[in-house]
Amino acid sequence: MKLFINIDDSNRLAHKTRNDLIRKSNNIGIDIVDEVKDADILCSIGGDGTFLKTSHLSEDKPIIGINCGTLGYLTDVKPSEIDNVLNDLLDENYYIEERMMLTGQIVKADGRIINIPDALNDITVSKNTFGIIRFDCFIDSKLINSYTADGIIISTPTGSTAYNLSCGGPIVDPTASLVILTPIAPHSILNRSIVLSSDSVIEIQVTQIRNNSLSYVLYDGQAMEITTGDIIRIKKSKRITRIIKLSWQSFVENIHQNIR
């Protein structure tokens, strides 16, 4: 078996955990490789943010997350469990959860199209520090609302416990197939989330950015600048993220454990 490791470079515990993982892998005949294309499994060492970055690299290969961060929705293995983890991987004593992803495009006023990389958690339209942003929201080419807000989150079920939850959005079973729209601080009566079929195509047309501030599309927290007149088109990706689980835990148990 061949393992590719991605770590949070700023995390001292992640570096120690990687060194332990490499040493113990060598002892039992697991090869550590430098390229994703050569790997059978990817190992993410850090927090959920590191796992999101690993998902962007994965090429649909399965990922196991070792939690050296603060949150553990995606990285539920402890560093102290490395011995058991490696043995389970060798024995194929695990199952895989498949999680949907989002993909998108920025359509510029001159017709240029800029692709948005696939996202496991969410694609968000957001203002900068100052001002607000005005935008129209279309679902399958039908206008649902015109917003004046700080932005809007288009979330997967996996992302429902991330920024979506912080903005009052619903918690959703991460293995479901649907899309959640949650406005950010809207100046509107329609200030609730909307849950859509995963077949829906969402378009956000930016109509005004106040106070000459910058606005962005963020895919799993990574920023791309947008301007007035841009259309952000988002839909379900053909890609999935495959997450290795060593033990079964229900959605309800996971929520109870992580949300206090």
Side-chain angles (χ1 to χ4, degrees), residues 1-101 117-121 156-159 161-162 173-177 220 237-258:
M1 187 181 72
K2 297 180 179 180
L3 196 65
F4 173 87
I5 302 172
N6 187 44
I7 75 164
D8 178 356
D9 277 327
S10 65
N11 187 318
R12 184 174 298 177
L13 177 58
H15 280 276
K16 179 181 182 302
T17 302
R18 179 186 62 180
N19 292 337
D20 289 344
L21 181 66
I22 292 173
R23 176 173 53 82
K24 292 178 178 181
S25 294
N26 290 335
N27 290 340
I28 59 175
I30 295 176
D31 296 328
I32 305 300
V33 298
D34 295 327
E35 300 288 341
V36 171
K37 64 180 177 63
D38 298 325
D40 301 306
I41 292 172
L42 279 63
C43 181
S44 174
I45 304 177
D48 284 353
T50 305
F51 193 98
L52 292 174
K53 293 176 182 177
T54 306
S55 74
H56 300 160
L57 303 172
S58 69
E59 299 177 359
D60 292 339
K61 294 182 179 181
I63 308 170
I64 187 164
I66 299 177
N67 184 19
C68 296
T70 54
L71 295 176
Y73 289 108
L74 298 171
T75 52
D76 50 12
V77 175
K78 299 176 183 177
S80 60
E81 299 172 329
I82 286 178
D83 288 316
N84 292 334
V85 167
L86 293 175
N87 288 328
D88 283 341
L89 292 178
L90 276 177
D91 295 339
E92 298 185 358
N93 184 26
Y94 58 85
Y95 72 98
I96 293 176
E97 278 189 0
E98 294 186 349
R99 305 285 184 87
M100 69 166 281
M101 302 179 76
D118 291 354
L120 174 58
N121 262 6
T156 66
T158 298
T161 50
D173 186 324
T175 61
S177 184
D220 285 344
S237 173
K238 294 180 180 178
R239 283 190 59 210
I240 58 170
T241 293
R242 304 171 69 219
I243 302 178
I244 291 177
K245 297 289 185 178
L246 300 179
S247 60
W248 188 84
Q249 184 179 49
S250 75
F251 165 62
V252 174
E253 288 173 323
N254 192 27
I255 292 301
H256 178 71
Q257 179 178 318
N258 284 285

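Being a predicted model, the structure only gives us computed values, none of them experimental. We're numbering straight along the sequence, starting at 1. Side-chain atoms are counted along with the backbone in the values below, which use heavy atoms only and exclude waters and symmetry mates.
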> Taking all non-hydrogen atoms of both residues into account, name the closest pair between Arg18 and Ile5 and its distance.
CG-CG2, 4.0 Å

> CD/Glu98 to OG1/Thr241 distance, rounded to the nearest 0.5 angstrom?
10.0 Å

> I'd like to know whether NZ of Lys245 has more than 12 heavy-atom contacts from other residues, nucleotides or ligands below 6.0 angstrom.
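Yes, the 6.0 Å shell around NZ holds more than 12 heavy atoms from other groups.
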
> Do any N or O atoms from the side chain of Asn11 and from the backbone of Cys68 form a donor-acceptor pair under 3.5 angstrom?
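Side chain of Asn11 to backbone of Cys68: a pair is present.
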
> Hey, is the main chain of Asp9 close enough, under 3.5 Å, to the side chain of His15 for a donor-acceptor pair?
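Flag set: sc His15 to bb Asp9 pair under 3.5 Å.
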
> Between Asn6 and Thr50, is a side-chain contact (heavy atoms from CB on, under 4.5 Å) present by the stated rule, with each step listed?
CA-CA 8 Å; Asn6 187 44; Thr50 305; 4.1 Å; yes

> Without swapping roles, check the side chain of Asp40 against the backbone of Met1 for a donor-acceptor pair under 3.5 Å.
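No, because the side chain of Asp40 does not come within donor-acceptor range (under 3.5 Å) of the backbone of Met1.
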
> Quick check on side-chain contact (heavy atoms from CB on, under 4.5 Å): which of Leu42, Ile243, Leu246 does Ile64 satisfy it with?
Leu246

> I need the Arg99 CZ to Ser55 OG distance, nearest 0.5 Å.
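The distance works out to 11.0 Å.
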
> Contact between Asp8 and Lys53 at the side-chain level, heavy atoms closer than 4.5 Å - yes or no?
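No, their side chains stay 4.5 Å or more apart.
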
> Between Met100 and Ser177, what is the shortest heavy-atom contact and its length?
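Shortest heavy-atom separation between Met100 and Ser177 comes out as SD-CA, 3.9 Å.
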
> For residues Ala176 and Pro157, report the shortest heavy-atom separation together with the two atoms involved.
O-CG, 3.3 Å

> Hey, could you give me the CG/CG distance between Asn26 and Leu21, rounded to the nearest 0.5 Å?
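Between Asn26 CG and Leu21 CG, I get 9.5 Å after rounding to 0.5 Å.
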
> Out of curiosity, Thr161 OG1 to Tyr73 OH, how far, rounded to the nearest 0.5 Å?
5.0 Å

> To the nearest 0.5 Å, tell me how far Leu52 CG sits from Leu120 CG.
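Result: 5.5 Å between the selected atoms.
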
> Would you tabulate the side-chain donor-acceptor contacts of residues 80-89 under 3.5 Å, counting partners in other chains and residues two or more places apart, or write 'none'?
{"unit_1": "Glu81", "atom_1": "OE1", "unit_2": "Lys78", "atom_2": "N", "d": "2.9"}
{"unit_1": "Asp83", "atom_1": "OD2", "unit_2": "Lys24", "atom_2": "NZ", "d": "3.4"}
{"unit_1": "Asn87", "atom_1": "ND2", "unit_2": "Asp83", "atom_2": "O", "d": "3.2"}
{"unit_1": "Asp88", "atom_1": "OD1", "unit_2": "Asn93", "atom_2": "ND2", "d": "3.1"}

> Show me the side-chain donor-acceptor pairs of residues 27-36 shorter than 3.5 Å, one per line, residues at least two apart or across chains.
{"unit_1": "Asn27", "atom_1": "ND2", "unit_2": "Arg23", "atom_2": "O", "d": "3.4"}

> Roughly how far, to the nearest 0.5 Å, is SG of Cys43 from CD1 of Ile66?
3.5 Å

> Should we count NZ of Lys61 as having more than 12 external heavy atoms under 6.0 Å?
yes

> Is the CD atom of Glu59 crowded by more than 12 outside heavy atoms at less than 6.0 Å?
yes

> Output yes when a side-chain donor or acceptor of Thr156 lies under 3.5 Å from a complementary backbone atom of Asn121, and no otherwise.
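Here the side-chain-to-backbone pair exists.
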
> Taking all non-hydrogen atoms of both residues into account, name the closest pair between Leu3 and Ser25 and its distance.
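That would be CD2-OG, 4.4 Å.
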
> Test Leu74 against every option in Thr158, Thr54, Asn67 by the side-chain contact (heavy atoms from CB on, under 4.5 Å) rule and name the one that passes.
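The option that passes is Thr158.
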
> Looking only at heavy atoms, which two atoms of Ala119 and His56 are closest? And how far apart?
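Smallest heavy-atom distance, with atoms named: CA-NE2, 4.4 Å.
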
> Let's go through Arg242 and Asp60 carefully: what are the C-alpha distance in whole Å and the side-chain angles of both, what is the deciding distance for salt bridge (charged side-chain N to carboxylate O under 4.0 Å, His left out) to 0.1 Å, and is it a yes or a no?
CA-CA 6 Å; Arg242 304 171 69 219; Asp60 292 339; over 6 Å; no

> Of all the heavy-atom pairs spanning Ala39 and Phe4, show the shortest one and how long it is.
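Minimum heavy-atom separation between Ala39 and Phe4: CB-CB, 3.6 Å.
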
